[in-house]
Amino acid sequence: MARQLDPNGQSLYARFSRYLSEGDDRLDQDMIREVDAPPAVHDPEPVPPSAPFPPVAEGVKTRHTRVATVAYQLIAMLLTAAISMLLIWTTAKLPSFGDAQNPAHNEVARRYVENGMDETGSVNLVTGMILDYRAFDTLGESNVLFTAACVVLMLLRSGSREERIEIEADERMEDRNRDEILQTAARVLIPMIMMFGCYVILNGHLSPGGGFSGGAVIGAAMILYLNAFGSGASGRFLTIRTFRFVSVLALSFYSLSKAYSFFTGANHLPSVFTTGVIGNLFSAGLIPYLNIAVGLVVCFTMYAFFALFRKGDI
Amino acid sequence: MILTNYAEIAAMILFGIGLMLLLLNKNMIKKIIGFSMTDSAIFLYLAAKGYISGRKAPIVTDGVTSAEAYINPIPAGLVLTGIVVSVASSAVLLALTVRLYRKYHTLNLDEITDRARKGEE
Amino acid sequence: MELWQSLPLVSIILPLFSAAVMIVLRGKGARAFCFAVLGGETLLSGFFLIKIRAFGQSYTYPMGHYPAPFGNEIRAGLFEAIALFFFMLILLLSLAGGLHKLEEHVRKERMPLYYAMILLMTASLSAQIFTNDLFTSYVFVEIMTLAAAGLIAAHGKGRAILASARYMVMNMVASSLFLLGIVLLYDLTGHLLMSPIRQQVAALAAEGQYKLALIVVVGLITVGLSIKSALFPFHSWVPDAYGTASPASAAIMSGLVSHAYLFLLMKIIYRVFGTELFAVTGIENVLFVFGLAGMLIGSIVAILQQDLKRMIAYSSVAQVGYIFMGIGLGSRAGMLAAAFHLLAHAACKSMLFITTDALIRASGGSSDLRDLRGAGFRARLTAAAFAVGSISMVGFPFLGGFPSKVNFVRAVIDIDPIHRIPVLIFLVLSTWLNTLYFLRAVISLYTMGKQDQPRREERVRTGIAYALSLAGFIALNAGLGLFSQRIINGLLSGLSMFS
Amino acid sequence: MQILMMILLIFVLAGAVSVALTRNLLTAAVVFMAQSLALSVIWILLESPDLSVTEAAVGTGIDSLLLFVTLKKIREVDHVIQSEKEKEEARHGQTT
């Protein structure tokens with residue numbers, strides 16, 4: 001620790017350690033106020049929070065910007081009105097709702113329905129289509145989620161050690177005033193939600209649902225756990241390390257297995273994964289494993305979003 | 001045509017409202033809700049196009065695999081992918097809003113631009 | 001299906017896999033791994049270019065066990081191979097060049113995330129170049145938009161976050177319009193793959209059904225992609241995004257992101273609508289007019305700029321106007337001129353953004369054009385690179401810009417005067433305006449005011465990677481200029497097998 | 001089926017208009033959540049259960065949750081600015 005611990009120092013770290021030792025109540029007020037607005041330390045030129053910007057008086061805006069904003073709004077309003085009128089007019093003339101002769105229900109859809117179950121092995125034709133016929137989109141899909149996780153991690157994860165310590169302090173504050181109702185409800189609900197989520201993921205190819213919805217359900221359960229029992233409890237397992245480990249594992253498995261199935265498909269080689277007995281749990285070739293991989297990516301990313309927004313660190 | 005396509009027309013009205021919210025409103029949170037609404041409108045339109053009246057959901061029940069029994073599965077697949085794309089983009093937009101608010105203490109995008117320009121000089 | 005033919009698949013899956021692995025690495029290992037993957041990808045695309053040139057025609061590579069209309073597929077031809085090779089080269093050079101400033105702006109533990117976003121952008125770039133399916137292109141367009149927003153916001157400064165937010169808002173509107181266009185097209189034709197859609201659209205246009213819907217679809221997709229590639233009326237996010245991002249991000253954004261969307265638009269026009277439908281719907285003339293307007297107004301506003309980075313940003317709006325004008329001509333020669341200018345502009349613009357790093361340091365940290373005086377002596381190689389970039393953009397022979405201007409003129413010679421006269425006038429006007437603001441900057445680089453004499457000897461320290469990347473950029477621009485005829489022949493044969 | 005569909009669509013459109021008109025962000029977020037729920041029921045009517053599970057879990061669950069967390073974060077920074085102002089007035093009050 002380069003910084004020696006000056007006991008009566010004003011730095012937050014010192015005051016936090018003093019708080020731990022003496023539990024001085026007046027300090028609590030100070031802690032909450034300061035911690036709540038973490039100064040944007042990691043910005044190269046931090047704007048001191050104690051000097052908030054004076055609100056820009058209406059008069060200060062030059063005539064030029066005021067005219068520009070009014071013009072912009074007028075054009076934007078006209079543009080959106082024109083676009084939506086045009087779209088409503090075209091939709092009215094498009095093939096009508098729900099009749100079987102629409103051009104969209106052509107031989108491609110017929111093939112997906114008729115021999116979807118035999119070729120992909122999945123009873124739920126939508127999952128079969130997503131993870132086998134048009135698997136390239138879904139590969140792109142989980143990488144959209146991964147990109148969003150990277151961007152949010154880069155934006156919201158507090159950088160320096162002091163900040164993390166401040167946020168730990170903030171968490172300790174909130175841990176103390178956990179309310180009983182949420183905790184008891186969570187103790188009953190979370191196992192149910194987790195079970196339902198696992199069911200939806202594992203039975204993705206047999207009943208409605210699949211990797212995305214099941215992952216989101218489990219993500220919601222993890223968020224409820226974080227809310228109910230605070231980050232101390234959820235920090236034991238759900239940390240940045242597990243997030244990294246799980247998303248690396250799931251995403252690399254996903255892209256490698258899909259690369260394998262694309263390569264074998266293109267060169268007409270027989271792929272190792274056969275459809276197996278239709279209806280079993282692990283029957284539709286790669287689909288259940290892909291569902292699990294996508295489920296893991298989705299649930300940890302959704303939890304990471306919430307944790308990063310709430311306390312700046314997973 | 002108007003009477004049969006009521007779901008699609010409602011989707012397009014929702015698209016118009018969402019686009020207007022996204023472009024006209026200056027508050028960042030309103031823009032994000034507007035953006036999510038535009039995406040939901042497009043997915044409502046797409047799923048409505050996949051629907052065939054009198055047919056069931058595309059899950060093979062008791063071995064019936066004739067095409068006349070199920071609706072078109074492709075739009076359902078596309079919308080499934082689309083919903084997660086729209087959540088990912090809203091998460092990034094919300095993260096940017098939090099960072100902007102922490103620095104400029106306002107949600108109004110024009111005010112932020114003024115403060116950024118004033119802060120720079 | 002020979003082994004080399006699955007190189008496009010590798011060029012998509014490799015960056016995706018290594019981006020996933022990247023967030024576990026840390027510090028030096030992350031950087032080495034990122035450059036290894038990018039270098040390997042560039043070599044692969046170079047090798048693929050040689051192979052496809054010998055192969056002579058484009059082929060489709062089914063992604064999965066099911067043939068064309070049922071499964072997904074990617075399609076590779078000579079034009080795609082040339083574009084991928086150039087974009088990978090530019091990406092590698094700009095990342096190497098901007099690395100020094102990057103480590104200053106981005107905190108150490110966030111660098112692996114930055115590299116992950118660069119790799120995801122590479123994957124979405126190669127996917128957009130090779131994909132033969134509309135919805136896949138939408139998904140990878142989304143990846144590129146989110147990664148680009150991350151690159152802008154990586155700077156961490158307040159203004160960069162604001163620029164990223166404005167960029168995201170504009171691009172979300174564009175993505176919704178693009179997605180709506182795809183959905184309407186799916187509703188009309190029932191297919192998502194480009195070639196089956198083409199037959200259905202041709203049949204519909206022949207029967208004269210859904211005429212209004214087809215125009216709306218073409219309009220939506222074109223407007224969506226032109227907002228994303230910063231065409232003139234929708235370019236409000238460009239100066240903020242390129243101006244405040246760190247040089248490496250600005251170079252990659254201006255050199256690759258807007259050009260990948262342009263490439264996708266060209267592919268959709270060729271493969272989905274077909275040039276005749278594109279002409280019939282009249283959207284072509286709209287692009288032509290906006291292109292011309294962009295050329296002129298982009299250059300005029302660039303002259304008024306005081307800030308070096310914003311000047312280059314507005315000049316990239318003007319050059320994108322050139323490309324859209326080329327597309328708007330509608331003829332094969334017009335598309336060829338647009339394709340060549342796409343490559344020339346990408347190479348030159350990334351170099352200019354990378355040079356801003358040392359030039360700003362040489363002029364005492366201020367990016368104001370007036371303080372640039374005498375920086376040419378303090379940062380020799382950077383100023384030389386800036387000079388090469390500027391005169392290439394202006395159209396000096398032996399460099400990238402000159403053959404592309406010749407292409408535009410050649411494209412316009414044999415077509416009807418309604419298009420020919422405005423193009424020639426605007427070409428002359430825009431080139432004249434380009435010389436105004438570019439040569440003004442170059443001249444001020446090398447003039448020494450009296451008060452700057454003492455600072456003559458101070459040299460600005462630039463790393464080896466920076467010098468190497470600038471040398472590579474200069475070689476690339478010179479190569480574009482000298483071997484332009486071979487590249488043009490390659491592009492011509494590429495375009496012929498493109499549709 | 002048609003009537004229920006029309007009612008839900010009208011509810012979604014009414015929600016959209018109310019989000020556009022309301023000034024309070026919290027009601028906008030809550031109405032957005034309700035819209036997602038109505039949309040998830042619409043997917044069932046359109047015979048695509050996959051979408052309704054996903055929309056319920058992702059649209060109502062995660063999307064609105066992120067909105068609420070962002071609003072909470074913004075309330076906290078607001079609360080800091082109020083306490084700043086009070087301290088300044090207090091100090092100003094003492095000095096005069």
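Within every chain, numbering begins at 1; the chains are lettered A, B, ... in the order of the sequence lines, protein sequences first and strands thereafter.
Heavy atoms of Leu46(D) lying under 4.5 Å from chain A belong exclusively to its side chain. Of the atoms belonging to Val217(A), heavy atoms from both backbone and side chain fall under 4.5 Å from chain D. Phe97(A) touches chain D through its side chain: at least one heavy atom from C-beta onward sits under 4.5 Å away, while N, CA, C and O do not.
Checking each of Thr70(D), Leu67(D), Leu65(D) against Phe309(A) for a side-chain contact (heavy atoms from CB on, under 4.5 Å) leaves exactly one that passes, namely Thr70(D).
Looking only at side-chain heavy atoms (C-beta outward), Val126(A) and Leu51(D) stay at 4.5 Å or farther from each other.
The shortest non-hydrogen separation linking Val53(D) to Ser213(A) is CG1-CB, 3.4 Å.
Remark: Arg310(A) CZ to Lys72(D) NZ distance equals 6.0 Å, nearest 0.5 Å.
When each of Thr54(D), Asp50(D), Val69(D), Leu66(D) is scored by its heavy-atom pairs under 4.5 Å with chain A, the top score falls to Asp50(D).
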